[in-house]
Each structure stands twice: as structure tokens, then as C-alpha cells.
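Excluded from the calculations below are hydrogen atoms, water molecules and symmetry mates; all remaining heavy atoms, backbone and side chain alike, are included.
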Amino acid sequence: MAPSGSRSIKKGCQRVLYWIPVLFIALIVAWSYYAYVLQLCIESIEGIAEKVIYLLVYHVIFIMFVWAYWQTIFTRPMNPLKEFHLSYSDKELLEREDRGESQQEILRRIAKDLPICTRTNSGAIRFCDRCQLLKPDRCHHCSVCDKCILKMDHHCPWVNNCVGFANYKFFMLFLAYSLLYCLFITATDLQYFIKFWLNGLPDTQAKFHILFLFFSASTFSVSLASLLTYHCWLVCKNRSTLEAVRSPVFRHGTDKNGFSLGLSKNFRQVFGDEVKYWPIPIFSGLGDGCSFPACLVNLDVEQAASPTGSTPVNKIAAEGRQFPSKPLRESQSRLLTSTPSWTESDIATDKDRKGSSNQAMTIEHEA
């Protein structure tokens, strides 16, 4: 009982510690609200029209920023569907085998009907020992959450959550609105910051709030701008942070652009097809997080026959199928459906490599 109790206490302490960065951000935001609304707008700005405009614009940005931050924190990361978990009989069979090649044969048999096209660096089936499941494409095990996360990007301590398929759009909007929030405060506070150094402000506590508000907002703007720029680049390339560090491995080999479908479709994978939902922190991405269309290059004849052991590549490409646009909750009930939300029939790029021309094609693996 003692070891079990000590482990529970340790986990409880860790959970509390994980919330400290979130609490720090919450305190900074609460202070900035007090400093901007009460000390700057109400106490220091004299013009009524200027005061009203500043307050209206500020509260619109503030609401969107807090909404996106809340969604990023409290949206639970999606885990692989039950189809990827080993059955009881498969677990027993796998445990009885002590040879790696025999275990791989079992895993390949299980994976042949699943939409999996990525492999380990050695070409083996990606398998999670802790979760006892075959990892879907772009899925990784988070050591902090101790579970496999669909399209995992990274575990962010500032939101105490894994950023992945379920909340990546919210994370992007959080960065965008937080940058806009800081830039707006910096721009509107600048003239009063200058007055502070010219002794043009009355000697009250408001002048110190105005000073530190400008420094804080401008400092955060620099770091947020660099982080947002990096993640915008990732969205345009259709990569996660983990994939930018280590390129995904397909049956034909490593390919850093294996999931890239072009700028427009890469963007819509995260934000969806409907423009009206792009700036709103509600889920609107495409797919179900378990299967993604992949732009396979350098395919030889044998690999092109059946990358996942199920449907031939040429047949899928000829049908012009793409992943469907489904709401998050509906997508959780099954793997990708066969109903296309948008198609791209003519994406072909000829590449000369080792004296041969190989055609790049966009495919989708279905359950």
C-alpha cells in the first residue's frame, strides 16, 4: 500500500506543478486587463471617443484570445480508435513470440487492413508497447500524458496539454490572437509610454502600469511572432513539430514532404473548407486524425501495388478519392468514409532521380 500511496501522491504533485505555467499566463492576462482597462483607458485617456473605441476593440480581441486559449487547454487530445488496439488474442500471441521478426509478422498481419503507411526507421510497423496498439500515421506517444496522441505536434507546458489533431487549430488561433492582443496594447499604449518619459503623465500609480504594460506587451510580441511564424510554416508544409525534427518514414523511405498536398489543401486540413469557421475556435478540420492522404514519391512497381496491403495505389489514385470533411465527434465513430469533400485529380509531379522518372500521386488509405 505504501508504494502505491506514494506514487499517487507523486502523481498528484506533478499534476499541480503542470498547472503552474497556465496559472502564470492567467495572472499576466488578468493584470494586463486591469492595467489596460482601468489604469490606461479609464484613468489616463481623456477623450471619450478614443476611450470607447479602444475599449471596444480591446474586448473583442480579448474575448477571442481567451476563448482560443481555453479551447487549447481543455480540448482533450484524440487517441487512436479501437481498430488500432490489439485484441486479447493478438496480445497473447504477441507475448508468446520472443523473436522480433515473428512479432513483426503478427503486426503486419494486423496492420494490413488498417490505413497505415508510415514505418519506423528500420521499416518495422510502428507499435506502442505502453498503449498496446498499432500507431496510426502521425501518431506519437506522449510521455507526459502517457498515451498515444493523434497527429501529435508537441506537449505544450503553457497550456498543460498535448497539441495535436483535436486542438491544433485552437493552438494556432491562440498564438494569432495573443499576438494581436499584444500588438494592439503596444500600439495604443505607445503615446502614453512616450508621455511617461517626457513627464507628461500625472504622478499616479497608473504611470507605472502603463510603463510595464508596454514593456510586457512588446516583449511577448517578439516571442509570439516568431512562434506563430514557425507554426504557419509548418501548416503550409503540412508537418508537425515532431515531423520537422524527424521526417516520417514511408515504405519507399524517408520523405519530409510525404503528407504535403499543396498550400491550399495543407491549410484546409487544419482549418477546414468553410472560411466562416477559420477565425473561430471551433473544430473545423478535415479527416478523423487516424488516416491522412500522403503524396508518395519514388514508388517502385512492387511498392505501388499495395502500400498497406489492402487497396492498390493506382486504383485509389484513379478514383481520385480524398479524405472527407467530417465534424470531430462524427469522425470518431469510424475511419475515413469514401465520400470525398474535395478532390484533386491532376496533381502530378515528374522527378528525375537515378535516371528514372517517378510520378508523385496523392492517395488516401481507407479502412
Visitor: Which pair of non-hydrogen atoms, one from Asp137 and one from Arg126, has the smallest distance, and what is that distance?
Guide: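 Minimum heavy-atom separation between Asp137 and Arg126: CA-NH1, 4.3 Å.
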
Visitor: Can you tell me if Tyr54 and His59 form a side-chain donor-acceptor pair at under 3.5 Å?
Guide: no

Visitor: For Thr72, is there any backbone N or O sitting under 3.5 Å from a side-chain donor or acceptor partner on Thr75?
Guide: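 Not at all, since once roles are kept as given, no pair shorter than 3.5 Å links the two residues.
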
Visitor: Work out which heavy atom in Val22 is nearest to a heavy atom in Pro157; give both atom names and the distance.
Guide: CG2-O, 4.1 Å

Visitor: Taking side-chain contact (heavy atoms from CB on, under 4.5 Å) as the test, write out the residues that go with Pro77, two or more places apart.
Guide: Ile149, Asn161, Cys162

Visitor: Nearest 0.5 Å, please: how far is CG in Asp288 from CG in Leu150?
Guide: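 If we round to the nearest 0.5 Å, Leu150:CG and Asp288:CG are 8.0 Å apart.
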
Visitor: Within this structure, what is the SG-NZ distance for the pair Cys139 and Lys151, rounded to the nearest 0.5 Å?
Guide: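 The NZ atom of Lys151 is 13.0 Å from SG of Cys139, to the nearest 0.5 Å.
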
Visitor: For a quick test of reading the model, state the closest non-hydrogen atom pair linking Phe165 to Gly289 and the distance between them.
Guide: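 So the two residues come closest at CZ-N, 3.3 Å.
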
Visitor: May I have all residue pairs that pass side-chain hydrogen bond (donor to acceptor under 3.5 Å, both in side chains) and include part of residues 85-96, sequence neighbours excluded?
Guide: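 side-chain hydrogen bond (donor to acceptor under 3.5 Å, both in side chains) check on residues 85-96 returns Ser87-Ser89, Ser87-Asp90, Tyr88-Glu92, Asp90-Arg109.
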
Visitor: I'd like to know if the side chain of Asn167 pairs up with that of Gln71 as donor and acceptor (distance under 3.5 Å, no hydrogens or angles considered).
Guide: no

Visitor: Which residue pairs pass the salt bridge (Lys or Arg N to Asp or Glu O under 4.0 Å) test when at least one of the two sits in residues 43-65, sequence neighbours left out?
Guide: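 Passing the test, one end in residues 43-65: no pairs.
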
Visitor: In the hydrophobic clustering (ILVMFWY, side-chain contacts below 4.5 Å, transitive), which residues join Leu263, or is it alone?
Guide: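 Answer for Leu263: none, a lone residue.
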
Visitor: How long is the span from the CD1 atom in Ile45 to the CD atom in Gln39, to the nearest 0.5 Å?
Guide: 12.0 Å

Visitor: Under the 3.5 angstrom rule, does the side chain of Asn238 hit a backbone N or O of Asn266 as a donor-acceptor pair?
Guide: no

Visitor: Mind checking the CG-OG1 spacing from Leu40 to Thr188? Nearest 0.5 Å is all I need.
Guide: 6.5 Å

Visitor: Step by step, would you call His155 with Val163 a side-chain contact (heavy atoms from CB on, under 4.5 Å)?
Guide: CA-CA 6 Å; His155 185 94; Val163 178; over 6 Å; no

Visitor: For Asp129, check salt bridge (charged side-chain N to carboxylate O under 4.0 Å, His left out) against everything at least two apart and list the hits.
Guide: none

Visitor: Which side-chain hydrogen bond (donor to acceptor under 3.5 Å, both in side chains) pairs, counting each pair once, include a residue from residues 13-31, with sequence neighbours left out?
Guide: Trp31-His209

Visitor: Once salt bridge (charged side-chain N to carboxylate O under 4.0 Å, His left out) is applied, do any residues pair with Lys82, and if so which ones, sequence neighbours excluded?
Guide: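 Lys82: no salt bridge (charged side-chain N to carboxylate O under 4.0 Å, His left out) contacts found.
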
Visitor: Show the numbers, then the answer: is there a ring-ring contact (aromatic ring centres under 6.0 Å, His included) between Phe215 and Phe220?
Guide: CA-CA 9 Å; Phe215 275 125; Phe220 276 109; over 10 Å; no

Visitor: Only counting residues at least two apart or in another chain, list the ones meeting side-chain contact (heavy atoms from CB on, under 4.5 Å) with Ile282.
Guide: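 With sequence neighbours excluded, Ile282 shows a side-chain contact (heavy atoms from CB on, under 4.5 Å) to Trp67, Tyr277, Ile280, given in chain and number order.
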
Visitor: Out of the candidates Phe170, Phe74, Phe174, Phe171, only one should pair with Tyr69 under the ring pair (Phe, Tyr, Trp, His ring centres under 6.0 Å) rule; please name it.
Guide: Phe174

Visitor: Does Ser32 reach the main-chain N or O of Val29 with its side chain, forming a donor-acceptor pair under 3.5 Å?
Guide: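 Looks like yes, one N/O pair under 3.5 Å.
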
Visitor: Is the distance between the ring centroids of His141 and Phe127 under 6.0 Å?
Guide: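 Aromatic pair excluded; centres sit 6.0 Å or further apart.
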
Visitor: Could you check whether the rings of Tyr58 and Phe184 sit parallel, tilted or perpendicular, using 30° and 60° as the cut-offs?
Guide: tilted

Visitor: Can you measure from NE2 (His154) to OG (Ser240) and round to the nearest 0.5 angstrom?
Guide: 10.5 Å

Visitor: How would you list, by chain and number, every residue that makes a side-chain contact (heavy atoms from CB on, under 4.5 Å) with Ser102, sequence neighbours excluded?
Guide: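 With neighbours one apart ignored, the set is Glu97, Arg99.
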
Visitor: For Phe214 versus Leu190, what's the shortest heavy-atom pair and its separation?
Guide: CE1-CD1, 3.6 Å

Visitor: Go through the steps to decide whether Ile73 and Asn160 satisfy the test side-chain contact (heavy atoms from CB on, under 4.5 Å), and finish with yes or no.
Guide: CA-CA 6 Å; Ile73 295 173; Asn160 190 28; 5.5 Å; no

Visitor: Mind running ring-ring contact (aromatic ring centres under 6.0 Å, His included) on Phe62 and Tyr36 for me, showing each step along the way?
Guide: CA-CA 11 Å; Phe62 179 79; Tyr36 190 88; over 10 Å; no

Visitor: Taking only residues two or more places apart in sequence, or in another chain, which ones meet Thr186 in a side chain to side chain donor-acceptor pair (under 3.5 Å)?
Guide: none

Visitor: Is a donor on one side and an acceptor on the other found under 3.5 Å between the side chain of Ser216 and the backbone of Leu213?
Guide: no

Visitor: Of all residues at least two apart in sequence or in a different chain, which pass the salt bridge (charged side-chain N to carboxylate O under 4.0 Å, His left out) check with Arg108?
Guide: Glu101, Glu105

Visitor: With a 4.0 Å cut-off on N to O distance, would you call Glu243 and Arg138 a salt bridge?
Guide: yes

Visitor: Listed by chain and number, what are the side-chain contact (heavy atoms from CB on, under 4.5 Å) partners of Met172, not counting sequence neighbours?
Guide: Tyr168, Leu228, His231, Cys232, Val235, Phe271

Visitor: Would you give the length of the straight line joining atom CG of Leu180 to atom CZ of Phe65, rounded to the nearest 0.5 angstrom?
Guide: 11.0 Å

Visitor: Between Ser221 and Leu179, does a side-chain contact (heavy atoms from CB on, under 4.5 Å) hold up when you go through it step by step?
Guide: CA-CA 6 Å; Ser221 296; Leu179 176 59; 4.2 Å; yes

